[in-house]
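Reading through the structure tokens given below for one structure.
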Amino acid sequence: MTGTSVLKPTKFFSPPADPPQSPELSLRLKEQECLSLLKKCKNLEEFKQAHAQIVKWGFFWNSFCASNLVVACALSDWGSMDYACSIFQQIDEPGTFDFNTMIRAHVKDMNFEEALFFYYEMLERGIEPDNFTYPSLFKACAWLQAQEEGMQIHGHAFKLGFENDLYVQNSLINMYGKCGEIKHSCAVFEQMDEKSVASWSAIIAAHASVGMWYECLMIFGNMSSEGCWRPEESTLVTVLSACAYLGALDLGKCTQGSLLRNISELNVIVQTSLIDMYVKCGCLEKGLSVFRKMAKRNQMSYTVIISGLATHGHGEEALRIFLEMLEEGLDPDDVVYVGVLSACSHAGLIHEGFQFFDRLKSEHGIKPTVQHYGCMVDLMGKAGMIDEALEFIKSMPIKPNDVVWRSLLSACRVHCNLEIAEIAAKHLFQLNSQNPGDYVILSNMYARAQRWQEVAKIRVEMARKGLHQVPGYSLVEVGRRIHKFVSQDTSHHQCESVYEMIHQMEWQLKFEGYSPDTSHVLLDVDEEEKRQRLKGHCQKLAIAFALIHTSQGSPVRITRNLRMCNDCHTYTKLISIIYEREITVRDRNQFHHFKDGTCSCRDYW
DNA sequence: ATAGGGTTAG
């Protein structure tokens, strides 16, 4: 046992000033001494001294010691890449390990091109990469979004037989995910014999980064059932954002439970994503209560709650919280201001909107982005100030994008201004944004004006460009499952009972004086056909399904991809009285809380 | 003998 004590320095141990030349110390021990000297370094100065000492000992020419000099200098917190490079260049015959170190260090330094350069240098010199070489390279390709290069290097790794290395596979999943090639990520993932937590995290994050939220939740479910580890914080955060996008409240709540069980203290990121999940799932109160309990908040926490309040139509409260943020001494950034302006826009606070638009420039030195201009156009557009909005766009110092023109176009739709709608649409089509919705709005406006020729022209144009109208759908969560309904749905396995329920609801609604508002059914068909069409709107089907499958009095929450039509709005208000239910509908832009026959949007939308 | 993967929020 005493023989090893030299390896483990005690507090009495200090390296001798001169190398112990005594023959009883083996080469190994001298190397170990160099290593322990390097490990003690806490800054570049100490390292330089150690370097000099090792050179003095004549050990620089030992490849193990030279390699470790590079490792210490390149990979430590205090390291200097330049200095490490200069040492590397002095190495007589750098080997695989040395190149791996340089590659890894450059990736750590976010110098991805350089990392790849070292790889090619390595190949040129005929030095064989090993399985340790590749994960860093794929990380570099991931950051650079260099998909083709990544695929090529993937080919190399494959040829060398590292295809089945767990670390190589995990970094490949990530690389393809970051490049948006989700199919390749899946292919790697599915071929794996053995998966680690990192593999699952990588595949979930990959789906999240391309917005495949539903798949995120599916994979997370598989992970829980296949694996026996505790879910990690970062994975749960990704899952929470998937829940937020899908409006999957029950699963979101389960995720919160999992967090509370497994993680002792929730940090700002977790809390912020919790708030976002609650707010986007329609539970503003719960989001607020998490927000109120936070010990520490940052710009992002404020942004989620402010834009959350905005989409729920609580503009004044959003502005109050923004003032709290200023009082707390947090510097508002451009994204918070997007929330603030959208709060003004949703609540119809025209005057305040202009004030804050001014303040963000003058008081906080923020250069308004196209998003801020978009909010202002929205603000004016919603209030019916269509001409002013157009003038505002014309006066913009930056080029208006499709979002700006699109908000003008939808304002024109609401306020029936075909003349300016044509201008907005012209710009949208010029921008070539490929959004079928733009064509649909304009064509619907022509239809309202009975200008069927123009309607047909637009439809032809859409077909020519290969654009298809996005089908509207509504999601509703029942029993922790998300059910999807499209308009006139016949695919849901319980659609028969749903249509029966619709029929029953219709009867009750008639007693309340409901008559279908067919004015927005923009098909050239007869009244009866129009009424039938309205009946089958996806939101109504989803509500019917929820009424069947949830208990009396429990709230109904619906998430939809498009905005709702006037008829669905009126219909849902009445249903909230008749069936005594609170119904929350999240559309593209905002929330509608239906309760006792009124809607939180006060019909301002 | 030294080393590698996933990392989350507006």
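Reminder, nothing fancy here: chain letters follow the sequence lines and each chain counts from 1.
Counted by atom type alone, A:Glu233 and A:Asn267 present one or more donor-acceptor pairs between their side chains at under 3.5 Å. Judged purely by distance below 3.5 Å, without hydrogens or angles, the side chains of A:His154 and A:Tyr134 never pair a donor atom with an acceptor atom.
Remark: C1' of B:dG5 and CD1 of A:Ile153 are 16 Å apart, rounded to the nearest angstrom. Here B:dT7 presents its P atom at 11 Å from CD1 of A:Ile173, a figure rounded to the nearest Å. Atom pair A:Ile269:CD1 and B:dT7:C1' shows a separation of 9 Å (rounding to whole Å applied). Spacing between atom CD1 of A:Ile203 and atom P of B:dT7 amounts to 12 Å, rounded to whole angstrom units. Look at CG on A:Asp333: it is 13 Å from P on B:dG10, rounded to the nearest Å. Between the P atom of B:dA9 and the CD1 atom of A:Ile275 lies a distance of 15 Å, rounded to the nearest Å. One interatomic measurement links the two molecules: CZ of A:Phe322 to C1' of B:dG10, which rounds to 14 Å at whole-angstrom precision. Atom CD1 of A:Ile263 is separated from atom C1' of B:dT8 by 11 Å (rounded to the nearest Å).
The minimum heavy-atom distance linking A:Lys280 with A:Phe591 is given by the pair O-CZ, 3.2 Å. Closest heavy-atom contact between A:Val370 and A:Ile398: N-CD1, 3.6 Å.
In this structure, A:Asp276 reaches the sugar-phosphate backbone alone: every heavy-atom distance under 4.0 Å involves primed, P, OP1 or OP2 atoms, never a base. Base engagement by A:Leu166 is indicated by at least one non-hydrogen atom pair under 4.0 Å involving a base atom. Across all strands, A:Val338 comes closer than 4.0 Å to no nucleic acid atom at all (heavy-atom distances). No contact: A:Val270 has no heavy atom under 4.0 Å from any strand. The residue A:Asn174 sits close only to the backbone: its heavy atoms come under 4.0 Å of sugar-phosphate atoms, none of a base. At a threshold of 4.0 angstrom between heavy atoms, the contacts of A:Thr101 with the nucleic acid are absent. At the heavy-atom level, A:Lys39 lies nowhere under 4.0 Å from the strands shown.
OP1 or OP2 of B:dG4 sits under 4.0 Å from a side-chain N or O of A:Arg104. Contact annotation: A:Asn267 side-chain N/O to B:dT8 OP1/OP2 distance is not under 4.0 Å.
Between A:Tyr167 and A:Phe132, the closest side-chain pair of non-hydrogen atoms is not below 4.5 Å.
Contacts between residues 284-321 of chain A and DNA chain B, counted as heavy-atom distances below 4.0 Å, involve A:Asn298, A:Gln299, A:Met300, A:Thr303, A:Val304. DNA chain B lies under 4.0 Å from at least one heavy atom of each of the following residues of residues 106-144 of chain A: A:Asp130, A:Asn131, A:Phe132, A:Pro135, A:Lys139.
For A:Ser600 (side chain) and A:His593 (main-chain N/O), a donor-acceptor pair under 3.5 Å exists by modelled atom type. Of the possible donor and acceptor atoms, none in the side chain of A:Ser345 sits under 3.5 Å from a partner among the backbone N and O of A:Leu341.
Judged by a 6.0 Å distance limit and a 45° cone about the ring axis, A:Lys40 is not positioned over the six-membered ring of A:Phe47.
Applying the side-chain contact (heavy atoms from CB on, under 4.5 Å) test between A:Gln169 and each of A:Met192, A:Glu163, A:Lys195, A:Gln191 identifies A:Met192 as the sole match.
Set against B:dG10, B:dT8, B:dG4, the side chain of A:Lys280 has B:dG10 as its closest nucleotide. Distance from the side chain of A:Asn100 is smallest to B:dA3 among B:dG10, B:dA3, B:dA1. Closest contact between the side chain of A:Tyr167 and the listed nucleotides B:dG5, B:dG10, B:dA9 involves B:dG5.
More than 12 heavy atoms of other shown residues, nucleotides or ligands fall within 6.0 angstrom of atom CD in A:Glu328.
Note: A:Tyr245 OH to A:Leu217 CG = 13.0 Å, rounded to the nearest 0.5 Å.
Put simply, the side chain of A:Asp165 and the base of B:dG5 share no donor and acceptor less than 3.5 Å apart.
Using a 5.5 Å limit on the distance between ring centres and a 30° limit on the angle between planes, the aromatic ring of A:Phe97 does not count as stacked on the six-membered base ring of B:dA3.
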